[in-house]
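Data first, discussion second: the structure below is written as structure tokens.
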Amino acid sequence: MNSQLRVDPAPSPSAVREERGVVASTVVRPALPRFVLRGVSGAGFGRTFPLVGPTVLGRAPECAIHLDHPGISREHLRLTPTAEGLLVEDLGSTNGWLLNEVPQQRGWARHGDEIGIDVLRFRVVAPGLAPVPTPQAGTAPARTAGVSNRWWLAALAVLGTVAVLLLR
């Protein structure tokens, strides 16, 4: 039996698109980082640091976020963006760090939270979300609004229950 097998090369994807009348082009879309650190005081004031993956902040030149400040350890923090928030871990620093003015060893920062290292402060920003207003001196923090709303809802539930019992 003398049969020859003939294999035609598969057409390239661009040739298939051209046959169908589709113009092949590459669309470039800017990729926004999940989180950004914005310096709000100290050596980082006015600077923006995009966080696209696990990032080390410290005084050492090899750190992704290098800040030459005496209150920062050589490798101070690891910042890891996740779907749940920004995981912040102390890397054995001398001075530690603060999340909304509360000392932490490991914690989750979210959009609008503030990370403090010595006298440096950074605002955590999730690009694409509504800006978080900064509290003015002498005003209550924004988080108390949610607490007072829950109080009113609880009071209305109790009043509703009392009304039902009185109507029986």
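Keep in mind it's a predicted model, so treat the numbers as computed, not measured.
Here the side chains of Arg74 and Glu62 are in contact, with some heavy-atom distance below 4.5 Å. Residues Trp108 and Leu86 form no side-chain contact, since every pair of their non-hydrogen atoms from C-beta on lies 4.5 Å or further apart. Looking at heavy atoms from C-beta onward, Glu114 lies out of side-chain contact with Leu98 at the 4.5 angstrom threshold. Side-chain atoms of His69 and Val119, non-hydrogen and from C-beta on, do get closer than 4.5 Å to each other. Side-chain contact between Val36 and Leu51: absent, with no pair of heavy atoms (C-beta onward) separated by less than 4.5 Å. The closest side-chain heavy-atom distance from Val40 to Phe122 is not below 4.5 Å. Side chains of Thr48 and Leu37 form no contact here, defined as non-hydrogen atoms less than 4.5 Å apart. The shortest distance between side-chain heavy atoms of Thr55 and Ile65 falls below 4.5 Å.
Of the candidates Val88, Val56, Val124, Val88 is the only one forming a side chain to side chain contact (heavy atoms under 4.5 Å, CB included) with Leu79. For the side chain to side chain contact (heavy atoms under 4.5 Å, CB included) with Leu67, the qualifying choice from Arg47, Arg59, His76 is Arg47, the only one to do so.
One finds the CD atom of Gln105 at 7.0 Å from the OG atom of Ser93 (value rounded to the nearest 0.5 Å). Separation of atoms OG (Ser73) and CD1 (Ile117) is listed at 9.0 Å; rounding is to 0.5 Å. Note that the OG atom of Ser41 and the CG atom of Leu120 stand 6.0 Å from one another [nearest 0.5 Å]. Atom-to-atom distance recorded for Leu87:CG and Phe35:CZ is 10.5 Å, nearest 0.5 angstrom. To the nearest 0.5 angstrom, Trp97 atom CH2 is 9.0 Å from Glu89 atom CD. Rounding to the nearest 0.5 angstrom, the gap separating the CZ atom in Arg110 from the CG atom in Asn100 is 11.0 Å.
Salt bridge present: Glu101 and Arg121 bring a charged side-chain N and a carboxylate O closer than 4.0 Å.
For the pair Arg123 (side chain) and Gly112 (backbone), a donor-acceptor distance under 3.5 Å is present.
Under a hydrophobic-cluster definition in which Ile, Leu, Val, Met, Phe, Trp and Tyr are linked whenever side-chain heavy atoms come within less than 4.5 Å, directly or via other members, Leu77 and Leu99 are assigned to the same cluster.
Side-chain polar atoms of Asn95 and Asp118 form no donor-acceptor pair below 3.5 angstrom.
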